[in-house]
Amino acid sequence: MAFRNLIQALPNLDIKENWPLAPLCTLRTGGEAEFFVAPDSIESIKNLYALALKENYPLYILGGGSNVLFPDGLVKGIFISTLNLNSLEWRTNLTADVDAGFKLSTLLKEIRERGLAGLEFAAGIPGTLGGALSGNAGAGDHGVCELVDYVICLLPDGEIRTLNHDEISYGYRRSSLAEGKKIILSARMTFRQATPKDKDVLENFLLRRGSQPHGLHNAGCTFKNPPGNFSAGKLLDDSGCKNLCVGDAVVSDVHANFILNRGHAASADVLKLIELCAERVYERTGIKLEPEIKIFRKES
Ligand code: EPU
């Protein structure tokens with residue numbers, strides 16, 4: 001049977017076909033997803049994952065789309081958004097179960113309203129908890145993974161596995177949760193009682209974010225800071241990358257680690273610009289910058 005018939009036959013799912021990808025990411029670039037679906041139950045995600053594996057069909061998982069670059073053109077495969085898996089339940093005064101599609105900004109607001117703290121470093125970071133966990137999003141030395149007691153994932157064999165904090169390895173903008181084709185479903189997170197100092201810490205993070213570009217579509221920092229106490233933004237700036245452009249993709253003149261879409265940029269333009277910037281820094285310093293943006297490649 002054609003794959004289209006198989007996927008459309010799955011129960012309780014609203015499968016969209018040839019669905020535009022640009023509105024699903026903050027950069028507003030990319031082509032069309034052959035199939036797009038935003039399930040609201042774990043059962044549905046399990047069914048989709050099992051079908052994709054059985055039929056050897058490409059599968060892409062999306063969170064808030066704030067740190068991604070999609071391919072241009074028609075992309076064969078199923079794009080699954082976790083945005084409809086978005087509940088939060090408090091288990092104790094300090095501990096909550098948070099779904100992968102829950103927005104990080106809403107989580108920060110919620111814990112502050114309860115007089116809790118621990119997530120201040122995430123101030124101004126867009127996206128969902130699932131995306132944040134897979135890349136250990138954060139600022140300074142802090143990342144979201146440090147706050148989890150455990151994470152519940154769907155594994156390729158269909159098993160739902162609870163990974164305890166000490167079973168997850170993570171570091172600067174990386175976590176083992178992104179490996180092995182797991183789908184992050186939810187996490188148990190523990191916060192702490194806030195102190196007056198936490199407000200200052202939060203404001204300080206917001207202040208630093210304030211020196212980054214606002215307004216135009218972008219995907220946050222393009223590159224990771226390389227090891228050795230270097231700042232990617234400064235390296236790019238010193239290498240003359242500000243204002244470099246390919247088509248409508250342009251390097252911000254406010255912060256050189258941001259690429260902006262000033263109109264109708266294609267993902268190919270952004271990719272070219274990423275390469276161009278990395279080349280410039282490499283030629284001047286010998287440092288190889290690694291993209292922080294998650295670049296989706298077409299699978300066959
Ligand atoms: N700088 C320049 N020129 C530029 C950009 C930066 O000289 O064009 C200098 C700044 O003046 C500063 C230094 O470089 O002295 C570092 O810049 P910044 O304070 O903006 O910090 P960053 O290392 O570039 C990191 C995270 C950001 C996070 C900020 C604030 C990375 C790659 N970036 O930026 O995260 O918002 O700290 O906490 O780790 C993101 O993850 O998408 C992101 C933007």
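Position 1 is the first residue of the sequence, and the numbers go up from there. Start at 1 and go down the list; that is how both ligands and their atoms are numbered. Note that the structure is a prediction, hence the values are computed from the model and not measured.
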Centroid-centroid distance, H214 to F258, less than 6.0 Å: no
Among side-chain atoms of D97 and S186, is any donor-acceptor pair under 3.5 angstrom? no
Determine whether more than 12 heavy atoms belonging to other residues, nucleotides or ligands lie under 6.0 Å from atom CZ of R91. yes
To which residues is V251 joined in a hydrophobic cluster, defined by side-chain heavy-atom contacts under 4.5 Å among Ile, Leu, Val, Met, Phe, Trp and Tyr, whether direct or through other members? L27, L69, F223, F230, L235, L236, L244, V246, I259, V270, L271, L273, I274, L276, V281, I287, L289, I293, I295
Under 4.0 Å from ligand 1 - residues by heavy atom, chain and number: A139, Y172, R173, R208, R209, Q212, G220, C221, F223, N225, S231, G233, K234, D237, K242, H255, A256, N257, F258, E292
Carboxylate-amine/guanidinium contact K242 D253, below 4.0 Å: no
Pick out which of F36, W19, Y60 makes a ring-ring contact (aromatic ring centres under 6.0 Å, His included) with F79. Y60
